[in-house]
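The next block holds one structure in the form of structure tokens; read it before the comments.
Everything numeric here is computed off the predicted structure, so don't read it as measured data. Each chain gets a letter, A, B and so on, in the order its sequence line appears, and its residues count up from 1.
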Amino acid sequence: MAQISLTFPDGNAREFDAGITPAEVAASISKSLSKKAISATINGQHWDLQWPIDADADIAIHTMQDAPQALELIRHDLAHIMARAVQELWPDVKVTIGPVIDNGWYYDFDRKEPFTPEDLGAIEKKMKDIINARDEVRTEVWSRADAIAHYEKTGENYKVELVNAIPDDGQPIRMYWHGDWQDLCRGPHLQHTGQVPGDAFKLMSVAGAYWRGDSNREMLQRIYGVAFQNRNDLKAYLLMLEEAAKRDHRKLGREMDLFHMQEEAPGQVFWHPNGWTVYTTLQDYMRRAQRAGGYVEVNTPQVVDRKLWEASGHWEKYQENMFIVEVDEEHAREKAVNALKPMNCPCHVQIFNQGLKSYRDLPLRMAEFGSCNRYEPSGALHGIMRVRGFTQDDAHIFCSEDQIEDETKRFIDFLSGIYKDLGFEGFKVKFSDRPETRAGSDEVWDKSESALKAATQAAGCEFELNPGEGAFYGPKLEFVLTDAIGRDWQCGTLQVDFVLPERLDATYVGADGSKHRPVMLHRAVLGSFERFIGILIEEHAGKLPFWLAPRQVVVASITGEANDYVTEVVDILRKAGIRAEADIRNEKINYKVREHSVGKVPVILAVGHREVEERTVTVRRLGENKTSVTSLTEITDELAKAAKAPDLL
RNA sequence: GCUGCUGUAGCUCAGAGGUAGAGCACUCCCUUGGUAAGGGAGAGGUCGAGAGUUCAAUUCUCUCCAGCAGCACCA
């Protein structure tokens with residue numbers, strides 16, 4: 001038998017017979033390791049203890065202490081254990097797929113009756129039985145024909161489809177047994193079900209999910225579970241979810257009296273005075289930033305004839321998602337069909353097209369706080385994060401091809417500065433390339449993608465690839481922020497577009513005196529004010545930075561005899577540019593402090609007899625229990641400075 | 001849009017085939033209180049909308065609307 005050399009993490013190498021399994025290697029080291037082992041890493045690849053090793057390799061044997069591998073296996077085995085539990089409880093349920101995801105796993109089932117919360121309890125109990133039974137996990141390599149024959153016989157038509165979809169590139173088709181229940185799986189898995197910590201998982205919810213993610217296909221039932229290495233980690237995770245729920249922008253929006261939404265205008269925001277203060281403060285900041293960044297600001301119509309949307313290509317692709325406005329004009333022979341603008345770019349091209357543009361005008365950075373309306377599918381609506389009426393901090397940079405790189409770098413820099421000012425140090429960047437349905441030739445896409453990618457890399461910006469997710473007219477860079485419970489939201493974006501200038505016939509006169517096609521860079525920093533404010537609220541748990549806080553200071557009287565002084569203090573603060581309010585209600589100071597703390601007011605100034613006499617205030621800051629006495633002039637200076645936007649400091 | 005769940009006072013929620021309740025908020029009165037809810041009284045609801053079953057529906061059934069979770073979508 002041939003010999004192979006396995007190198008351990010400590011650098012020592014040992015000889016073994018070729019085809020040895022990590023389980024046997026572990027057994028050769030010690031009995032306890034043999035029992036504790038869960039999997040191995042062979043040349044960087046996560047490896048089942050049962051899989052043979054055929055050549056020299058680096059080897060590491062994992063136990064439950066090794067977090068990434070342990071979590072992967074626990075969650076993956078639980079997916080199988082759950083599927084087995086479901087089929088034991090309801091033998092006619094068909095199984096499909098069950099991958100590991102962040103914090104847990106899910107498994108999709110085909111079953112006529114919906115799973116109820118009681119069902120989840122029964123499944124969880126059955127899973128614990130399976131874990132307690134410590135059933136052996138065993139694997140075999142099957143031929144494609146055998147796998148298909150098996151699943152055809154058992155009526156598991158989804159599995160047949162999965163086997164057929166496995167590419168014929170020599171990778172083995174594996175079957176895994178958990179006890180006497182079997183599932184198609186590429187592995188790896190644990191040694192036996194008893195290695196799964198039985199007290200560190202929980203079934204969370206059931207929801208519909210399309211088979212293979214295709215909305216034209218069957219709707220399956222997906223059960224989500226979470227799992228960790230031990231009970232404490234699970235408890236910590238559940239506690240984190242509770243804390244996150246308290247930061248939900250929908251809840252805080254109500255508590256802080258920022259906005260509301262109602263049935264008559266689904267997906268549209270009624271901004272209350274407090275919320276509108278945040279909005280306009282942010283908008284003022286963005287306007288200054290854009291001016292400083294070399295943008296010109298414009299404004300374009302809300303209701304635009306369908307002809308323009310047909311020309312731009314949006315009508316064909318997005319008609320279903322537009323608000324259509326029909327006007328039966330008395331003197332018109334036909335009905336005029338307009339659409340509320342779902343985006344600003346075609347209108348910006350109209351402005352660009354007025355008059356002759358020279359290469360000397362480029363790059364032309366045209367910005368608009370553009371109010372847009374999109375008929376988003378009802379199921380997509382989410383608080384103020386995904387709405388039907390919103391305002392983008394939109395801009396289009398008209399430039400030549402050789403300006404793409406500079407403009408991209410310039411934009412990434414611009415966006416980073418703004419995110420930093422707004423307290424977002426960490427954000428994800430995704431690069432989305434050509435989607436299946438798209439406008440423009442492959443040559444144009446090649447050009448756009450490579451230009452954008454090169455510019456992004458040149459800017460030193462790291463990104464992950466998001467294949468097939470680009471806009472229909474061009475590739476895009478997405479700047480992604482995360483909400484309180486870990487959901488990603490695209491906020492900023494940069495999109496390269498060779499298509500729209502063509503369709504809407506935008507030209508400029510080049511240095512050579514002839515006409516050229518400009519490139520358009522669609523870009524937004526916040527994305528929409530609505531979404532960004534939602535993220536801002538969740539990021540700060542409602543405790544917005546002082547300059548953005550809608551109510552910055554409440555001056556509260558301790559006794560009615562201080563009311564005149566309260567009014568005077570509020571007046572002084574307001575003159576210093578601070579958003580201050582008086583609270584001279586007939587309530588105790590405890591009551592006032594509680595109410596304004598709950599309302600996330602950053603600073604409460606309490607005044608009673610002492611303060612009136614000394615012309616001071618007692619300062620209480622949000623999140624601190626201690627108070628301090630300060631002179632009125634001192635606190636006014638301090639707060640006036642804090643009230644300034646970061647770019648004005 | 002799809003699957004499932006939900007919709008009762010401004011908010012959070014209880015309730016039941018016989019016509020609606022609590023706490024907080026609100027209004028008024030008492031209290032002038034020193035840093036996270038002082039006391040009392042009062043007012044407040046077409047029980048999401050429409051249809052059906054029933055002597056009787058807010059409760060049961062159906063349709064619609066909206067919200068929530070997930071999926072799909074996201075120019």
Side-chain angles (χ1 to χ4, degrees), chain A residues 106 108 113-117 204-224 248 250-251 254-255 257 260-267 309 312-322 341-346 372 374-383 385-388 392 394 435 438-439 469-474 476 478 485 487 489-490 493 495 497 499-500 522 527-528 531 556-563 586-599 604-611 618-620 622 624-627 629:
Chain A
Y106 67 75
D108 288 348
E113 307 74 35
F115 288 109
T116 64
M204 302 296 283
S205 60
V206 191
Y210 296 109
W211 169 233
R212 314 218 97 187
D214 183 344
S215 58
N216 296 313
R217 305 202 60 179
E218 299 89 333
M219 171 72 57
L220 306 169
Q221 294 189 64
R222 175 172 296 178
I223 302 179
Y224 285 90
D248 190 311
R250 293 165 295 190
K251 182 177 152 69
R254 199 166 36 237
E255 287 172 1
D257 196 14
H260 86 272
M261 306 176 86
Q262 64 186 52
E263 257 189 55
E264 290 79 358
W309 308 116
S312 70
H314 292 97
W315 186 266
E316 191 190 355
K317 187 157 173 25
Y318 289 110
Q319 189 186 346
E320 300 282 291
N321 299 305
M322 290 193 205
K341 76 172 166 186
M343 67 276 273
N344 310 297
C345 25
C372 298
R374 296 178 184 174
Y375 189 79
E376 300 284 7
S378 57
L381 302 178
H382 179 86
M385 305 277 224
R386 185 82 183 270
V387 286
R388 289 182 176 155
Q392 297 175 318
D394 199 11
R438 57 181 181 264
E469 298 294 320
F472 78 94
Y473 50 70
K476 67 179 179 182
E478 294 175 39
I485 60 168
R487 286 183 286 212
W489 296 92
Q490 178 196 311
T493 184
Q495 306 168 9
D497 185 0
V499 175
L500 203 60
H522 306 243
S528 85
R531 172 173 300 177
S557 56
I558 294 167
T559 142
E561 286 162 44
N563 286 354
N586 177 14
E587 295 290 353
K588 288 192 163 186
I589 192 64
N590 289 309
Y591 183 92
K592 296 182 183 181
V593 165
R594 179 186 149 77
E595 185 171 286
H596 300 123
S597 298
V598 169
I604 298 170
L605 301 180
V607 300
H609 290 121
R610 286 205 297 274
E611 290 80 0
T618 298
V619 186
R620 186 191 164 107
L622 187 59
E624 294 176 17
N625 291 323
K626 59 180 197 302
T627 59
V629 180

Of the nucleotides B/A36, B/A72, B/U32, which one has an atom closest to the side chain of A/Arg594? B/A36

Check: B/C71 base within 3.5 Å donor-acceptor of A/Arg222 side chain: no

Between the base of B/G1 and the side chain of A/Tyr210, is there a donor-acceptor distance below 3.5 Å? yes

With a cut-off of less than 4.0 Å, is there a side-chain N or O of A/Thr627 near OP1 or OP2 of B/U35? no

Measure the CZ-CD1 distance between A/Arg620 and A/Ile604 for me, rounded to the nearest 0.5 Å. 6.0 Å

Taking the side chain of A/Tyr224 as heavy atoms from C-beta outward, which of B/A75, B/C71, B/U32 is closest to it? B/C71

A/Glu376 backbone acceptor or donor facing A/Arg388 side chain under 3.5 Å: yes

Nearest whole Å is fine: how far is B/A37 C1' from A/Asn590 CG? 8 Å

Angle class for the A/His522/A/Tyr473 ring planes (parallel below 30°, perpendicular above 60°, tilted otherwise)? parallel

Stacking between A/Tyr591 and B/A37, defined as ring centres under 5.5 angstrom apart with planes under 30°, is that present or not? no

Tell me whether the side-chain N or O atoms of A/Glu611 pair up with the base of B/G34 as donor and acceptor below 3.5 Å, since no angle test is needed here. yes

On the nucleotide B/A69, are OP1 or OP2 found under 4.0 Å from the side-chain N or O atoms that A/Arg487 carries? yes

How many whole angstroms separate atom CG of A/Asp108 from atom C1' of B/G4? 14 Å

Nearest to the side chain of A/Lys476, heavy atoms from C-beta on, is which of B/U32, B/A75, B/G34? B/A75

Looking only at the side chain of A/Ile589 (C-beta and beyond, no hydrogens), which of the listed nucleotides B/C73, B/G34, B/A75 gets closest? B/G34

Interatomic distance where NZ belongs to A/Lys251 and C1' belongs to B/A69 [whole Å]: 18 Å

Should B/A69 form a Watson-Crick or G-U wobble pair with both distances under 3.5 Å, which nucleotide is its partner? B/U3

Taking CZ from A/Arg438 and P from B/A75, how many angstroms apart are they, rounded to a whole number? 16 Å

What is the distance, to the nearest angstrom, from the CE atom on A/Met219 to the C1' atom on B/A72? 7 Å

What distance separates A/Trp309 CH2 from A/His314 NE2, expressed to the nearest 0.5 Å? 7.5 Å

Rounding to the closest angstrom, what is the interatomic distance between B/G18 and B/G1 at atom P? 35 Å

Base, sugar-phosphate or nothing for A/Gln495? Non-hydrogen atoms, less than 4.0 Å. sugar-phosphate

Could you tell me the separation between the CE atom of A/Met385 and the C1' atom of B/C68, rounded to a whole number of Å? 15 Å

Any A/Arg217 side-chain N or O less than 4.0 Å from OP1/OP2 of B/C71: no

Paired with B/G34 by Watson-Crick or G-U wobble geometry, both distances under 3.5 Å: which nucleotide is it? none

Just by distance, do the side chain of A/Gln221 and the backbone of A/Glu113 share a donor-acceptor pair under 3.5 Å? yes

Checking N1-N3 plus N6-O4 or O6-N4 for Watson-Crick, or N1-O2 and O6-N3 for wobble, each under 3.5 Å, the partner of B/G45 is none

Once you apply the 3.5 Å cut-off to both distances, tell me the Watson-Crick or G-U wobble partner of B/G18, or none. B/C55

Could you tell me whether A/Asp214 and A/Arg212 make a salt bridge, using a distance below 4.0 angstrom between a side-chain N and a carboxylate O? no

Nearest-Å distance, CG (A/Leu381) to P (B/C73)? 16 Å

From the set B/A75, B/C74, B/A36, return the single nucleotide nearest to any side-chain atom of A/His314. B/A75

To the nearest 0.5 Å, tell me how far A/Glu478 CD sits from A/Gln495 CD. 8.0 Å

Output the rounded distance in Å from CG (A/Leu220) to P (B/A72). 12 Å

Let's test your reading of the model: under 3.5 Å, does the base of B/G34 pair with the side chain of A/Thr618 as donor and acceptor? yes

Check whether any side-chain nitrogen or oxygen of A/His382 sits under 4.0 Å from OP1 or OP2 of B/A69, and answer yes or no. yes

May I ask you to evaluate whether A/Arg254 reaches the phosphate of B/U12, defined as a side-chain N or O under 4.0 Å from OP1 or OP2? yes

Mind checking A/Gly213 for me? I need base, sugar-phosphate or nothing, with any heavy atom below 4.0 Å counting as a touch. sugar-phosphate

Paired with B/A25 by Watson-Crick or G-U wobble geometry, both distances under 3.5 Å: which nucleotide is it? none

Can you find a side chain N or O atom of A/Arg250 that sits less than 4.0 Å from OP1 or OP2 on B/C68? yes

Would you mind telling me which of B/A36, B/G7, B/G1 lies closest to the side-chain atoms of A/Tyr375? B/G1

